[in-house]
Amino acid sequence: MNITWTLIQKQRLQELNASEVQQEMCFESHLNRNRAFQEQERLLVNQGKLRLQELREIKKRPSLCVLEQKLVEALTQKGFVQVVTPTIISKVALAKMSVSDDHPLFTQVFWLDPKRCLRPMLAPNLYTLWKDLLRLWKKPIRIFEIGTCYRKESKGALHLNEFTMLNLTELGLPKDQRQQRLEELAALVMDTVGITDYQLELTTSVVYGDTLDVVKGIELGSSAMGPHFLDDQWGITDPWVGIGFGLERLLMIKEEAQNVQSMGRSLTYLDGVRLNI
Ligand code: ATP
Ligand code: MG
């Protein structure tokens with residue numbers, strides 16, 4: 001009763017998005033196992049084909065795009081303004097986030113030339129906009145961006161080299177309301193995605209210091225609040241809250257996918273379905 005899948009079988013089942021239960025099945029003989037493998041593979045391939053058919057005939061857009069649209073609608077309805085900023089940022093902007101040569105994140109940055117890189121985060125651009133908007137708009141200033149960020153990551157089920165970040169910020173709110181506001185913003189995003197039973201956990205980030213993370217088994221989002229030690233660099237003195245989510249990770253949990261790759265920009269997967277079926 002303790003014969004399990006071979007490594008190759010398990011790998012194939014994972015890429016076909018087999019459930020935990022399917023992946024942990026045990027058998028009494030090799031013959032039984034190999035028959036079961038064929039059966040499970042057939043079932044999963046059929047499920048994949050059905051999902052692709054549904055994408056083609058009904059859904060027409062991958063979950064990543066649908067989620068982005070739902071978030072834009074929910075956030076703009078709550079008074080947040082969407083912004084779109086460049087994916088190419090300067091070394092100077094990154095250094096203002098304290099990410100310079102000796103910083104852990106520095107080695108994860110994709111450099112285009114000595115002075116410019118692909119953004120690993122949205123915050124430098126949002127800080128820049130805050131400074132101008134403080135002159136132009138009344139507080140509180142509520143802006144968000146949804147856009148691609150780039151980080152060199154050693155491969156794993158939770159990390160992509162290019163992923164979609166939502167960064168939601170509110171600048172100029174009463175200092176004593178920051179914690180409650182962060183909880184409300186986390187709830188707004190999680191409700192929109194349709195994930196319940198998440199936790200808020202205090203952790204330490206290499207960029208932001210102490211952060212309150214949104215967690216459901218894995219880290220889904222990280223938040224920070226100001227006044228903050230980075231604010232001086234940007235000329236910001238008002239209290240603020242900000243929270244950043246990875247959309248592919250949100251989808252991975254929502255759709256019970258086995259890895260974040262299947263939810264992201266890919267040539268191997270289409271809307272969560274492995275294409276070699
Ligand atoms: P981790 O510790 O898991 O590598 P992080 O703390 O470095 O993540 P943050 O800088 O806090 O990530 O980014 C905010 C959110 O963006 C994360 O909570 C996660 O959902 C998402 N995210 C970060 N890096 C990646 C990545 N390489 N691939 C996919 N999503 C990511
Ligand atoms: Mg984090």
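Note that this is a predicted model, so its numbers are computed, not measured. Counting convention: from 1, in listed order, for ligands and their atoms alike.
Contacts with ligand 1 closer than 4.0 Å are made by side-chain heavy atoms of Met165 only, the backbone lying farther away. Under 4.0 Å from ligand 1, the heavy atoms of Arg151 that appear belong solely to its side chain. Counting heavy atoms closer than 4.0 Å to ligand 1, residue Thr211 contributes nothing at all. If you look at Val214 next to ligand 1, there are no close heavy atoms at all, none under 4.0 Å.
For the residue pair Trp240 and Asp231, a side-chain donor N or O sits within less than 3.5 Å of a side-chain acceptor on the partner. A side-chain N or O of Thr85 and one of Arg119 form a donor-acceptor pair less than 3.5 Å apart.
Among Glu184, Gln177, Glu183, Arg178, the one residue that satisfies the side chain to side chain donor-acceptor pair (under 3.5 Å) test with Gln180 is Glu184.
Between Phe245 and ligand 1, no N or O atom pair is found at a separation short of 3.5 Å.
Around the CD atom of Gln38, the shell of radius 6.0 Å holds no more than 12 heavy atoms that belong to other residues, nucleotides or ligands.
In the candidate list Arg249, Met252, Glu219, Glu219 is nearest to atom 2 (O) of ligand 1, counting heavy atoms.
Val260 does not count as a contact of ligand 1, since none of its heavy atoms falls under 4.0 Å from the ligand. Residue contacts with ligand 1 leave out Glu248, since none of its heavy atoms falls under 4.0 Å from the ligand.
Listed for the Arg51 side chain is a donor-acceptor partner under 3.5 Å among the backbone atoms of Asp271.
Close approach to Gly244 involves these atoms of ligand 1, each under 4.0 Å from a residue heavy atom: 14 (C), 15 (C). Remark: ligand 1 atoms within the under-4.0 Å shell around heavy atoms of Leu158 are 28 (N), 29 (C). The atoms of ligand 1 that sit less than 4.0 Å from any heavy atom of Gly221 are 18 (O).
Annotation: cation-pi geometry satisfied between Lys96 and Trp234 (NZ/CZ under 6.0 angstrom from ring centroid, within 45° of ring axis).
If you take CZ on Phe144 and CG on Leu75, they are separated by 5.0 Å, rounding to the nearest 0.5 Å.
Closest to atom 20 (O) of ligand 1 among all protein heavy atoms lies Leu220 O, 2.9 Å. Protein heavy atom in closest approach to atom 4 (O) of ligand 1: His159 NE2, 2.6 Å. The closest protein non-hydrogen atom to atom 22 (N) of ligand 1 is Phe163 CE1, 3.4 Å. At the shortest separation from atom 28 (N) of ligand 1 among protein heavy atoms lies Leu160 N, 2.9 Å.
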Report task. Step by step, work out the salt bridge (Lys or Arg N to Asp or Glu O under 4.0 Å) result for Arg142 and Glu170. Result -> CA-CA 4 Å; Arg142 300 189 172 113; Glu170 183 165 317; 2.9 Å; yes

**Report entry** Derivation and outcome, side-chain hydrogen bond (donor to acceptor under 3.5 Å, both in side chains), residues Glu255 and Ser63
**Finding:** CA-CA 9 Å; Glu255 303 201 357; Ser63 297; 2.8 Å; yes

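For Trp111 and Phe106, the ring centers are positioned less than 6.0 Å apart.
Vertex the Mg ion (ligand 2); arms to Ser222 OG and Glu219 OE2; angle rounded to 10 degrees, 80°.
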